Amino acid sequence: MIIKKFQGATEMDAVLQAKEELGKDAVVLNVKKIKQRGIFKFLKSTIVEVTVALEEGKIEKDKTETDTVKANDSKSSFDSVADEKIVLKPQSKIIEKKALDLGKDETVELEKKLANLQSLLEKQIETKPAETLTTEQETQKSETAVFAQLIYNTLLDMEVDEKYINQFIGEIELTKNKDLTIDHVLSNIYQRMILKLGEANLIKEAKKKPKVVYFIGPTGVGKTTTLAKIASKFHVEGNKKIVMLTADTYRIAATEQLRTYANILGVPFNVVYSAEDLKNYVTQFKEYDFILVDTAGHSHKNKEQTGDILKLLNCLGDSVEKEIYLVISAATKYRDLIKIVDTYNNMIDYNIIFTKLDETTSLGNILNIKMYSGKELAYVTLGQNVPDDIEIFDAQSLVKQLLGGQ
């Protein structure tokens, strides 16, 4: 005997499917109503499943047996539920008056409630194949777990490290709280990510002038341009007295670039050839608010150059207040970023500036490096224009983008 299950919007629809495939001799054994599962179950109609049987000799021999369940192979065939494809439709396609037995005001309210999920759902659901779950899996996988998987996929697409995604989602304890609403899940993860990222740690004035600010990092990440942007903000908008120094004697172009910016701003500019030079300039400009120091870009693999930079960073001791900003590109590979921060993690204290956000669509590295290094984030840059293309790091804005929003 062959036993199969068919589903339809009504009992008649399911029976007709059975008769069409197995013939008029198929016998209905059981009729069962199945409630829709998934995030939007309240927008879906109940479906009907019928279990039918047919004597084996009455069906064509060339029928495949891959989609059948033989009674003699399993005594529990009548009680099992057929695999159901869970298909979630984008909210823009399912919120229709015909689909909701709601009044006008209730419909508007529902649309507002789901608005914060639209971008996330449409991007993920439309691009992911429908997931097939067995009955046993379905009972174990709650709506919140399905939604958490959606968030997981979104963050993974943004190149957030898998271990950090698991950490954020795991902290909600979905398995113990299967009745959590999707709004609660999203809000909870959103808030946790913001707390982990923290507030921007910006360059502050020293209690006793001057404040020495170093900009360090690899070649080509935009240290010189970033320094110029900050200098412009401080001098033009903040009316601060600043000095621009460069210790990058390897690249003539970098020196001339910074000299040009200094001339435009009308602020002092000098080249630092040694730690002693830096000490002298700090004494010379002791009445200034900020001394901004550009350093030579170098590979994290070059220990000699790293040593030279460290000497420059440590030569002033505690005689003046200083801050160090590691400038790195958001477009750099994650594993390379790890090696870069590892170069300095055990040697100096620093904050982070991420550049070139305009050159990548995957911003997960910002979160990854924050979590990995434990260092504070300060500024981000989004282009080459001085002084416009620089912003204070905004955790809320980043998290919204990571979760698929705008």
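Here, residue 1 is the first one in the sequence, and each next residue gets the next number. All figures in this text were calculated on a predicted structure; none of them were measured in a lab.
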On a heavy-atom basis, the closest approach of Gln401 and Met158 is O-CE, 3.8 Å
Side chains of Thr10 and Asp13: donor-acceptor distance under 3.5 Å anywhere?
-> yes
Report yes if some heavy atom in the side chain of Asn153 is under 4.5 Å from a heavy atom in the side chain of Gln149; otherwise report no.
-> yes
Answer yes or no: is there a donor N or O on one side and an acceptor on the other, between the side chain of Thr332 and the main chain of Ile328, under 3.5 Å?
-> no
Might you point out which heavy atoms bring Gly220 and Lys356 nearest each other, and give the distance in Å?
-> O-NZ, 2.7 Å
Is it true that the side chains of Glu162 and Tyr164 contain a donor and an acceptor less than 3.5 Å apart?
-> no
Between the side chains of Asp294 and Thr224, is a donor N or O closer than 3.5 angstrom to an acceptor N or O?
-> yes
Is there a donor-acceptor contact under 3.5 Å linking the side chains of Asn351 and Asn201?
-> yes
Non-hydrogen atoms of Thr225 and Gln257 that approach each other most closely | OG1-NE2, 3.4 Å
Answer whether the closest heavy-atom distance between the side chains of Leu403 and Leu155 falls below 4.5 Å.
-> yes
Can you name the closest pair of heavy atoms from Ala231 and Met244 and give their distance?
-> CB-SD, 4.2 Å
Heavy atoms of other groups near Leu16 CG, more than 12 under 6.0 Å | yes
Closest non-hydrogen atom pair between Asn368 and Asp161, with its separation | OD1-N, 2.7 Å
Has Lys204 got more than 12 heavy atoms of other residues, nucleotides or ligands less than 6.0 Å from its NZ?
-> yes
Among side-chain atoms of Ser187 and Gln191, is any donor-acceptor pair under 3.5 angstrom?
-> yes
Minimum-distance pair of heavy atoms, taken over all atoms of Ile369 and Leu337 = CD1-CB, 3.5 Å
How about Asn188 and Arg192: does a side-chain donor come under 3.5 Å of a side-chain acceptor?
-> yes
Which residues pass the side chain to side chain contact (heavy atoms under 4.5 Å, CB included) test with Gln17, sequence neighbours left out?
-> Phe6
Do Pro210 and Phe290 come close enough that some side-chain heavy atom pair is under 4.5 Å?
-> no
Look at atom CG of Asn239 and say whether more than 12 heavy atoms of other residues, nucleotides or ligands are closer to it than 6.0 Å.
-> no
Cation-aromatic face contact Lys375/Tyr350, 6.0 Å, 45 degrees | yes
Considering residues, nucleotides and ligands other than Glu199, do more than 12 of their heavy atoms fall under 6.0 Å from its CD?
-> no
Hey, is the main chain of Leu265 close enough, under 3.5 Å, to the side chain of His235 for a donor-acceptor pair?
-> yes
In plain terms, say whether Glu49 and Lys33 are close enough for a salt bridge, that is, a side-chain N and a carboxylate O under 4.0 Å apart.
-> no
If only atom types and distance count, is the side chain of Thr295 paired as donor or acceptor with the main-chain N or O of Phe215 below 3.5 Å?
-> yes
Would you say the side-chain atoms of Tyr372 and Asp342 include a donor-acceptor pair closer than 3.5 Å?
-> yes
So, does Lys229 use its side chain to make a donor-acceptor pair with the main chain of Asp389 at under 3.5 Å?
-> yes
Aromatic ring centroids of Tyr325 and Tyr214 under 6.0 Å?
-> no
Just by distance, do the side chain of Glu321 and the backbone of Lys207 share a donor-acceptor pair under 3.5 Å?
-> yes
